[in-house]
Amino acid sequence: MVSEYTQLTQKVTDYDLAATLSSGQAFCWDLTGPNEWRGWIAGNPVSVVRGSDCFRLTGRKLTRDVAARYFQWDTDLAALIKTFPQDEPMRQALAYCPGLRLLRQDPWETTANFICSAMKQIVQIKQINRALRQRFGKEVEPGQWSFPDWRTLAAASEADLRECKLGFRAKHLFHAAWQLTAGEVSLEAVESLPTPEARKELMKLRGVGEKVASCILLFAYGRQDVFPVDVWVRRAIHQLYFPKRRTFTEKQARIFVAKYFGPYGGYAQQYLFHWIRTVGALPPSPRLRG
DNA sequence: TGGCAGGGGTTGA
DNA sequence: TCAACCCCTGCC
């Protein structure tokens, strides 16, 4: 068993691991010690320790190629950031968290996570992810359950899924798992499709609309131009770029971001989003207002 | 302590 | 275009 585990050290620069793992793109990571995170890559448990200039990884069946693909540490961040718009919000977002990165995650787990994300906060999505593992996953280590594949969920029932705190999302996830099992939609085919067709293919899945499809394309398929627009982003774009407009619809936001943020708009979005969410750069929502 | 409003979305009418 | 869908959180 011990021989299944490998240890790797990887030199990394400009990589804020904590921000990256907690910025709402992945839901399977927990901070377990000073600079130490435990989570999952390609169906296997992994721990990552952030050293001063390196990552020290320990994982079951972990190879450097698999880790490099997941963490995307070869990305030339400086070159990519140069393509961002040179405006004040973007400058502040970049200054706030200079090493934020995009991961490249497993398409199925990402799809399932974001189907479950509708009207849920990050903490709750993590709870659902954990519950699905414990209820339907394989125990690959004592207390460590892998994320269940779609066949397993399709073989369960909607009621079983509801017990994992999914609420009305249980119907969506169950149906999507069933569609994949039946071959109605292929996540593998999405890989080679141009982005508009890839989006259409993903949106055939129940529970996957415009926003969820964008998240899957950005976080699992490496389509870094795709800019998911949710209520937070819409509100942010409204306040930061069009403060004089009385109303600003999601459609208006989508049209604006597609043109304005360039070939790595998805990356830019992650910076803006993380900054807004953690600093509270926007006025609070009406409910939270004093 | 309990009631209540509202939330990172999608669906179907 | 809009209500309905679950359920958790935080406020009062």
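Chain identifiers are assigned alphabetically (A, B, ...) following the order of the sequence lines, protein sequences preceding nucleic acid strands; residue numbering begins at 1 within each chain. Hydrogens, waters and symmetry mates are skipped; everything else that's a heavy atom, side chains included, is used.
Contacts of A:I125 with the nucleic acid, taken as non-hydrogen atoms under 4.0 Å apart, are absent. Residue contacts shown for A:L205 are limited to sugar-phosphate atoms, with no base heavy atom under 4.0 Å away.
Taking a pair as Watson-Crick or G-U wobble with both distances under 3.5 Å, the runs of three or more consecutive pairs in DNA chain C are B:2-7 with C:7-12, B:9-13 with C:1-5.
Taking every heavy atom of residues 211-225 of chain A and every atom of DNA chain B, pairs under 4.0 Å involve A:K211, A:V212, by number.
Comparing C:dC7 with B:dT1, their P atoms sit 24 Å apart, to the nearest whole Å. Using atom P as the reference point in both B:dG8 and C:dC11, the two lie 15 Å apart (nearest Å). Between C:dC6 and B:dG2, the two P atoms lie 25 Å apart (nearest whole Å).
Distance alone, capped at 3.5 Å, places no donor-acceptor pair between the A:R234 side chain and the A:V229 backbone.
Using a 4.0 Å cut-off between charged nitrogen and carboxylate oxygen, A:E88 and A:R91 count as a salt-bridge pair. Under a 4.0 Å N-O distance rule, the pair A:E4/A:R60 qualifies as a salt bridge. Salt-bridge check for A:R223 with A:E197: failed, with every basic side-chain N at 4.0 Å or more from each acidic carboxylate O.
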Decide side chain to side chain contact (heavy atoms under 4.5 Å, CB included) for A:L153 and A:F174; before the verdict, give the C-alpha distance in whole Å, the side-chain angles of both, and the deciding distance to 0.1 Å.
-> CA-CA 6 Å; A:L153 295 191; A:F174 177 66; 5.8 Å; no
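If you take CZ of A:R199 and C1' of B:dT10, they are 15 Å apart, rounded to a whole angstrom. Rounded to whole Å, atom C1' of B:dT10 lies 13 Å from atom NE2 of A:H175. A straight line from CG of A:L173 to P of B:dT11 spans 13 Å, rounded to a whole angstrom. Between the CG atom of A:L202 and the P atom of B:dT10 there is a distance of 12 Å, given to the nearest Å. Here B:dG7 presents its P atom at 10 Å from CH2 of A:W232, a figure rounded to the nearest Å. With rounding to whole Å, A:Q179 atom CD is found 14 Å from B:dT10 atom P. Rounded to whole angstrom, the span from the CD atom of A:Q121 across to the C1' atom of C:dC11 amounts to 14 Å.
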Taking only N/O atoms, report every protein-nucleotides 6-9 of chain C pair under 3.5 Å with atom names and distance.
residue : atom : partner : partner atom : Å
C:dC6   : OP1  : A:R162  : NH2          : 2.8
C:dC6   : O5'  : A:R162  : NH1          : 3.3
C:dC6   : O4'  : A:F168  : N            : 3.1
C:dC6   : O2   : A:R169  : NH1          : 3.1
C:dC6   : O2   : A:R169  : NH2          : 3.4
C:dC8   : O4'  : A:Q124  : NE2          : 3.0

With a cut-off of 3.5 Å and sequence neighbours excluded, list every side-chain donor-acceptor pair involving residues 207-222 of chain A.
residue : atom : partner : partner atom : Å
A:E210  : OE2  : A:R199  : NH1          : 3.3
A:S214  : OG   : A:R199  : NH1          : 2.8
A:S214  : OG   : A:E210  : O            : 3.0
A:Y221  : OH   : A:L187  : O            : 2.7

Output a table of donor-acceptor pairs, distance under 3.5 Å, between side-chain atoms of residues 14-22 of chain A and any protein atom two or more places apart or on a different chain; print 'none' if there are none.
residue : atom : partner : partner atom : Å
A:Y15   : OH   : A:F71   : O            : 2.7
A:D16   : OD1  : A:A18   : N            : 3.3
A:D16   : OD1  : A:A19   : N            : 3.0
A:T20   : OG1  : A:D16   : O            : 2.7
A:T20   : OG1  : A:R101  : N            : 3.1
A:S22   : OG   : A:A18   : O            : 2.6

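Heavy-atom contacts from other residues, nucleotides or ligands closer than 6.0 Å to CZ of A:F273 number more than 12. More than 12 heavy atoms of other residues, nucleotides or ligands lie within 6.0 Å of NZ in A:K126, so this atom counts as buried by the packing criterion.
Between A:V208 and A:F114, the residue anchored nearer the 5' end of DNA chain B, judged by the nucleotide with its closest heavy atom, is A:F114.
Under the ring-ring contact (aromatic ring centres under 6.0 Å, His included) criterion, A:W145 pairs with no residue at all, not counting sequence neighbours.
For the ring pair (Phe, Tyr, Trp, His ring centres under 6.0 Å) with A:F227, the lone residue among A:Y267, A:F84, A:F261 that qualifies is A:F261.
Outside the 6.0 Å centre-distance limit, the rings of A:F248 and A:F256 are not counted as a close aromatic pair.
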